[in-house]
Amino acid sequence: GFATAALPPAAFQSLATQFDWSRYKTLGDFGGSAGVLCCCVAAAQPHMDCTTLDLPAVHEAAVQYVQQQGLTDQVKVRQTEQRADLVVCLPGRADVYAVLQCGGHWKQCSMFSSSGWHPQTR
């Protein structure tokens, strides 16, 4: 996996186009807020199916953003009631996970392949 400092939307676009996604089919973004990362990846990588997961406070904004991007077939929006549940609530299993690491504010986004980290066991 790798970690980067807090990413602006342009960085998500770069990640979506410059990272080698060819061996992956699914992305789970825990703490995905409005779903920008998933939308950037889905738009740049038509073979990817993405799920963004966050708290109810941002759920509707994420649904609207995904709809505005025209990516509802590729990007699913899920919600959970507690931030502690983010790492265990994604239905099924993804090939790659983006995990929000925060202490009240967004500090870092880490990405892991499913072969190196399983949210059900950590």
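- The CD atom of Glu60 lies 9.5 Å from the CD atom of Gln79; values are rounded to the nearest 0.5 Å.
- Here the OG1 atom belonging to Thr52 is positioned 13.0 Å from the NZ atom belonging to Lys76, to the nearest 0.5 angstrom.
- Distance check, rounded to the nearest 0.5 Å: CD of Gln74 to CG of Leu27 gives 11.0 Å.
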Table please: side-chain donor-acceptor pairs of residues 34-47 below 3.5 Å, with sequence neighbours left out.
unit_1: Gln45; atom_1: NE2; unit_2: Ala16; atom_2: O; d: 2.8
unit_1: His47; atom_1: NE2; unit_2: Trp21; atom_2: O; d: 3.1
unit_1: His47; atom_1: NE2; unit_2: Tyr24; atom_2: O; d: 3.1

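- Residues Asp29 and Thr51 have side chains not in contact (no heavy-atom distance under 4.5 Å, counting atoms from C-beta outward).
- Distance check, rounded to the nearest 0.5 Å: CG of Asp20 to CZ of Arg23 gives 6.5 Å.
- Clustering of Ile, Leu, Val, Met, Phe, Trp and Tyr by side-chain heavy atoms under 4.5 Å joins Val75 with Val63, Val66, Leu71, Val77.
- Evaluation of the side-chain hydrogen bond (donor to acceptor under 3.5 Å, both in side chains) rule for Asp73 yields no partner, not counting sequence neighbours.
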